[in-house]
Protein chains: 2
Amino acid sequence: MTSRLDITILVTTVVMTLKQISTRFSIAVHTLSLIAVSPNDCTGDFIAGSVNTNPVVIRRIMGMLKKAGLVDVRPGVGGATLLKDLDRITLLDVYRAVNVTEENQLFRIHENPNINCPVGRNIEQVLQAELKDAQSAMEQRLAGTTLDQLISKFE
Amino acid sequence: MTSRLDITILVTTVVMTLKQISTRFSIAVHTLSLIAVSPNDCTGDFIAGSVNTNPVVIRRIMGMLKKAGLVDVRPGVGGATLLKDLDRITLLDVYRAVNVTEENQLFRIHENPNINCPVGRNIEQVLQAELKDAQSAMEQRLAGTTLDQLISKFE
DNA sequence: CTAAGTTGTAACTAATATTGTTATAACTAA
DNA sequence: TTAGTTATAACAATATTAGTTACAACTTAG
């Protein structure tokens, strides 16, 4: 006669990470702060050395800041200058400069719900309004801080 | 004698799209609303039909809502029930249930800046505080709406 | 007890975003 | 003319999302 007991214990840990807002934003803030603090010789290489990344990453972000009218970058000679006063540049300005999204929508809503269902028929419009407000609350907080204020907190 | 004129016009359009917050969130809101409105026969297939997606997508999200203590899902028999009253479930509860991130940080900040630079030395701490506030403003807005309020806006 | 329907979940794919990298053309001033 | 720089294309590695198929485990009706 044989007797047998099998016990299997399986522990599975699933780590999911939400895609967060790109470091482009924080790098852009870093870059603008550096241009403000060290107006001379702010080349892509110099900034990359402070941010600790590749110069091309900086130049890509500089291109966005340039397109947003925040900086002037001089090809050839190098270096960048701010086109607006520090107390006229808010974190929201920078956020918008580097987060090029269609419609600037932070939240996505699933598409084509079933309109034969009372929930499917209404969810998009009702939820859209709520999420717009939530995004707006975040952005208004960003708009409340200027680079001037930010830099004044450096030690 | 040859005369030659070359004109090249190159127009490049670069469309960048920021990764937005996953549709998991809106699908989860949809799902919970549906369970509230149609408490009977709310199986994964039924919900998927209303959301217009694959049932596995729904079951994955249901698993997260279950883990967050918002719903009870019965294996085998099927169907889900809400574990909290509609006026006690906020959009923030749902958001947190499906956006499993380390530290729940919406914003990322670039790592290892150069500490020999006054900007690199300070940027992380100073910016972190600002972004935390901005994220908090968004979340508090989400916390201000319950599923009860949301559903009452359906026509 | 069996059959039908369901949940739970693994595994895979396609599409897309991010970040870093190399390479090269074009530009500017000494 | 030369050295240093910006602008940008191209590519790789990595990661997330959303959809899909497949299958084991579960529950209840009959």
Side-chain angles (χ1 to χ4, degrees), chain A residues 8 10-28 31 40-49 51-67 71-81 98-102 107-112, chain B residues 8 10-28 31 40-49 51-67 71-81 98-102 107-112:
Chain A
T8 303
L10 179 61
V11 179
T12 306
T13 304
V14 178
V15 178
M16 289 193 33
T17 52
L18 164 73
K19 204 67 187 187
Q20 298 163 296
I21 288 173
S22 161
T23 55
R24 279 198 304 273
F25 179 32
S26 68
I27 293 177
T31 296
N40 300 323
D41 301 315
C42 250
T43 66
D45 280 46
F46 176 72
I47 297 168
V51 170
N52 191 22
T53 186
N54 191 291
V56 175
V57 172
I58 299 299
R59 289 204 280 266
R60 275 203 284 244
I61 290 172
M62 296 264 272
M64 299 179 190
L65 298 175
K66 188 173 160 185
K67 193 172 293 181
V71 298
D72 178 41
V73 187
R74 290 169 311 180
V77 57
T81 53
V98 298
N99 286 280
V100 186
T101 61
E102 242 170 326
F107 296 92
R108 285 185 60 199
I109 296 186
H110 57 289
E111 294 174 337
N112 306 317
Chain B
T8 302
L10 178 61
V11 179
T12 306
T13 305
V14 177
V15 177
M16 289 192 35
T17 53
L18 165 72
K19 203 69 186 186
Q20 298 163 296
I21 287 174
S22 162
T23 56
R24 278 200 304 274
F25 179 31
S26 68
I27 294 178
T31 297
N40 300 323
D41 301 315
C42 249
T43 67
D45 279 46
F46 176 73
I47 298 169
V51 170
N52 192 21
T53 185
N54 190 291
V56 175
V57 172
I58 300 299
R59 290 204 280 267
R60 276 203 282 245
I61 290 171
M62 295 264 272
M64 297 178 190
L65 298 175
K66 189 173 158 185
K67 195 172 291 183
V71 298
D72 179 40
V73 187
R74 290 169 312 180
V77 57
T81 53
V98 298
N99 285 280
V100 187
T101 61
E102 244 171 324
F107 296 92
R108 286 184 62 199
I109 297 186
H110 58 288
E111 295 173 335
N112 304 317

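Any value given below was found using the heavy atoms of this structure, including those in side chains, with hydrogens, waters and symmetry copies removed. Since this is a predicted model, take the numbers as computed values, not measurements. Every chain is numbered from 1 and lettered A, B, ... according to where its sequence line falls, protein lines coming before strand lines.
For Val56(A), the side chain to side chain contact (heavy atoms under 4.5 Å, CB included) partners are Asn54(A), Arg59(A), Arg60(A), not counting sequence neighbours. The side chain to side chain contact (heavy atoms under 4.5 Å, CB included) check on Asp72(B) picks up Arg74(B), Thr81(B), Leu83(B), with sequence neighbours excluded. Every side chain to side chain contact (heavy atoms under 4.5 Å, CB included) that Thr23(A) has, sequence neighbours left out, goes to Ser26(A), Ile27(A), Arg108(B), His110(B). Remark: Phe46(A) engages no residue in a ring pair (Phe, Tyr, Trp, His ring centres under 6.0 Å) (not counting sequence neighbours). Every residue meeting the side chain to side chain contact (heavy atoms under 4.5 Å, CB included) condition with Ala80(B), not counting sequence neighbours, appears here in chain and number order: Ile35(B), Met62(B), Val73(B).
When the nucleotides dT7(C), dT17(D), dT6(D) are ranked by their closest atom to the side chain of Arg24(B), dT17(D) comes out on top. Distance from the side chain of Val57(B) is smallest to dA18(D) among dA18(D), dT6(D), dG20(C).
Put simply, Lys66(B) has no side-chain N or O that comes within less than 4.0 Å of OP1 or OP2 on dT7(C). At least one side-chain nitrogen or oxygen of Arg108(A) sits closer than 4.0 Å to the OP1 or OP2 atom of dA18(D). Contact check, Ser22(B) against dA18(D): a side-chain N or O comes under 4.0 Å of OP1 or OP2. Contact check, Thr23(A) against dT19(C): a side-chain N or O comes under 4.0 Å of OP1 or OP2.
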Within the sub-3.5 Å range, which N or O atoms of nucleotides 25-29 of chain D have a protein N or O partner, and how far apart are they?
none

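Residue Gly63(A) is out of contact with every strand shown, counting any heavy-atom pair closer than 4.0 Å.
Across all strands shown, the partner of dA29(D) is dT2(C), judged by Watson-Crick or G-U wobble contacts whose two distances both fall under 3.5 Å.
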